[in-house]
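Below is one structure, written out as structure tokens, with a few remarks after it.
Scope of the values below: all heavy atoms of this structure, side chains included, with no hydrogens, waters or symmetry mates. Just so you know, ligand 1 is whichever comes first in the structure, and atom 1 is the first atom listed for that ligand. These figures come from a predicted structure and were not determined experimentally.
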Amino acid sequence: AAGVAAANKGSWSSFLKYSLDQSIASFSGDLSSLTAPPFILSSTSLVEYSSYWAEHPSILVAPASEPDPAKRALLVLKWFLSTLKQQYSSRNEKLGSEKKPLNPFLGELFLGKWEDEAGTTELISEQVSHHPPVTAYTIWNQKHGVRLQGYNGQKASFSMRTIHVKQIGHAIYHIDAYNEDYLITLPSLHIEGLVYGAPYVELNTRTFIQSSSGYTSKISYSGKGWVSGKKNSFTATLYPEGKEKDILYSIEGQWNDTFTIHDVKSKTELDSYSPKTSQVTPLTIAPLDQQGELESRRAWRAVAEAIGNGDMETTGTEKSKIENAQRELRKQEKDEGKEWERRYFSRVEADEMFGRLAERVGYQVEADKTGGLWRWDEAKYQAPLKEDRKTEP
Ligand SMILES: CCC(=O)OC[C@H](C)CC[C@H]1O[C@H]2C[C@H]3[C@@H]4CC=C5C[C@@H](O)CC[C@]5(C)[C@H]4CC[C@]3(C)[C@H]2[C@@H]1C
């Protein structure tokens with residue numbers, strides 16, 4: 001493995017010297033246009049990344065069982081923080097470095113569920129836009145009456161040989177029992193370590209969680225070389241909205257390792273949680289031969305195999321098949337004056353509740369070219385999943 005790593009470093013540094021500058025020169029801001037070396041290519045599509053929000057279903061649903069509103073908001077903050085390691089560093093942990101995911105085609109779906117002590121937690125993820133790439137998702141647990149939904153896209157830029165990514169979009173966490181909503185904003189990030197051959201994500205500045213029950217959580221990120229000195233660090237405070245100094249709870253530590261929760265009023269340590277050692281629940285997805293042709297792993301199977309075999313030529317030809325089929329579809333839609341029918345999500349205007357939460361934390365919806373907020377559309381869900389799934393063989 002050391003040999004391979006050295007070879008990777010060797011080929012990476014040669015890649016860097018001769019092509020990173022070209023990538024930078026030709027970079028359009030669209031991450032999918034980035035030319036990455038073969039060993040950086042992942043066979044996983046970006047549409048699968050929505051599953052990182054709920055790999056610990058029990059932590060996701062815990063707030064629904066907490067009667068105290070401030071403690072409920074604290075449990076939502078703890079859940080959000082517990083997802084960061086999976087979101088932003090699980091590729092490093094498993095594959096040795098960050099990877100370039102496959103760029104989902106319009107309408108690509110990723111459907112699955114987690115079955116564990118929290119009951120059944122379901123996931124629908126759909127690529128609702130290809131230019132710019134935007135993924136919408138919803139994750140829900142009927143038993144505990146919790147639903148997360150959101151969408152995200154990325155705006156990227158290069159500077160000082162570092163890739164900076166601004167995330168477009170947000171998440172909404174809803175608890176049926178209290179009819180409570182939480183607006184979750186998304187962190188911007190940059191890719192560290194490009195020059196050393198092992199790129200990894202570092203999160204920047206700050207994000208907020210604003211509850212309709214009147215509590216604000218503010219998370220400030222820092223990393224290696226910053227004040228804290230440790231990579232992937234953060235501090236978080238939870239306070240009644242508008243009273244930033246009246247801190248009820250604080251949390252600090254490393255989001256890819258361990259963090260500690262404090263009750264600031266009583267100056268006691270409440271809990272410490274280690275994403276590093278916690279077990280994730282594996283996601284259950286249908287076997288490939290039962291998946292519909294819009295489902296990600298079935299659609300990308302040939303490309304994934306070619307990438308796995310390091311066969312870049314077949315990767316190219318198989319990718320082109322998908323891209324050409326997509327271009328054909330777009331052309332037909334244009335000729336017929338139609339637009340691709342999103343299966344589970346719709347564009348909406350900001351509603352009053354959302355507007356209030358957003359304005360409390362100064363969140364501005366970035367109207368990307370797709371024209372607005374993407375929301376889970378209950379009515380569309382009546383169109384049974386099986387439309388997208390081959391009938392039983
Ligand atoms: C030119 C040098 C080069 O080859 O760079 C390739 C490097 C691996 C850097 C570019 C890719 O880095 C990947 C990291 C991806 C983000 C990881 C996590 C999330 C959270 C999730 O909830 C939404 C998606 C998001 C933001 C991913 C977006 C795509 C990122 C930035 C990949 C880059 C193409």
Side-chain angles (χ1 to χ4, degrees), residues 8-9 11-55 80-104 110 123 125-129 132-139 148-171 184-204 207 221 232 255-256 307 368 374:
N8 271 350
K9 276 205 191 332
S11 42
W12 173 274
S13 58
S14 64
F15 162 75
L16 263 193
K17 262 200 284 298
Y18 302 108
S19 64
L20 180 58
D21 296 335
Q22 274 86 329
S23 319
I24 294 174
S26 63
F27 190 56
S28 66
D30 182 342
L31 283 165
S32 57
S33 69
L34 208 60
T35 50
F39 53 88
I40 282 281
L41 295 182
S42 157
S43 52
T44 302
S45 164
L46 197 53
V47 78
E48 292 204 25
Y49 283 41
S50 308
S51 62
Y52 291 134
W53 284 100
E55 296 190 296
F80 171 76
L81 293 169
S82 78
T83 69
L84 298 178
K85 173 179 173 291
Q86 293 307 104
Q87 296 270 17
Y88 299 107
S89 67
S90 52
R91 275 88 41 202
N92 301 14
E93 324 273 330
K94 274 199 301 241
L95 309 169
S97 90
E98 188 49 83
K99 296 289 181 185
K100 182 177 186 287
L102 291 171
N103 182 30
F110 187 59
L123 162 70
S125 181
E126 178 173 5
Q127 197 67 7
V128 291
S129 169
V134 178
T135 307
Y137 58 89
T138 186
I139 291 169
L148 172 75
Q149 61 170 298
Y151 69 97
N152 57 59
Q154 296 83 37
K155 268 187 185 160
S157 60
F158 259 107
S159 82
M160 308 295 285
R161 280 193 161 170
T162 303
I163 301 175
H164 295 265
V165 180
K166 180 176 181 350
Q167 292 200 66
I168 309 298
H170 54 268
I184 298 161
T185 68
L186 303 175
S188 60
L189 55 99
H190 68 274
I191 307 291
E192 288 269 359
L194 274 183
V195 187
Y196 309 108
Y200 68 91
V201 166
E202 193 55 89
L203 300 179
N204 308 334
T207 64
Y221 306 96
N232 304 148
W255 47 262
N256 69 327
I307 291 176
D368 55 47
W374 289 95

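- Atoms of ligand 1 lying under 4.0 Å from at least one heavy atom of R91, given by number and element, are 17 (C), 18 (C).
- The closest approach between Y88 and ligand 1 falls below 4.0 Å for a heavy atom of the residue.
- With ligand atoms numbered from 1 in the order given, ligand 1 contributes 5 (O), 9 (C), 10 (C) to contacts under 4.0 Å with heavy atoms of I163.
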Requested in this report: Report the C-alpha distance between Y221 and L189 in whole Å, list the side-chain angles of each, state the deciding distance to 0.1 Å, and finish with yes or no for side chain to side chain contact (heavy atoms under 4.5 Å, CB included).
Outcome: CA-CA 10 Å; Y221 306 96; L189 55 99; over 6 Å; no
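- The minimum heavy-atom distance linking Q167 with P187 is given by the pair NE2-O, 2.8 Å.
- Of the listed options Q86, Q154, E48, Q154 places a heavy atom closest to atom 25 (C) of ligand 1.
- Evaluation of the ring pair (Phe, Tyr, Trp, His ring centres under 6.0 Å) rule for Y137 yields W53 as partners, not counting sequence neighbours.
- Contact annotation: for S32 versus ligand 1, there are no heavy atoms closer than 4.0 Å.
- Interface of I40 with ligand 1, defined as ligand atoms under 4.0 Å from a residue heavy atom, comprises 4 (O), 6 (C), 8 (C).
- In this structure, the side chain of K155 does not engage the main chain of V165 through any donor-acceptor pair within 3.5 Å.
- Looking only at side-chain heavy atoms (C-beta outward), I191 and Y200 stay at 4.5 Å or farther from each other.
- Ligand 1 has no nitrogen or oxygen under 3.5 angstrom from a nitrogen or oxygen of Q167.
- Y88 pairs by the ring pair (Phe, Tyr, Trp, His ring centres under 6.0 Å) definition with nothing, not counting sequence neighbours.
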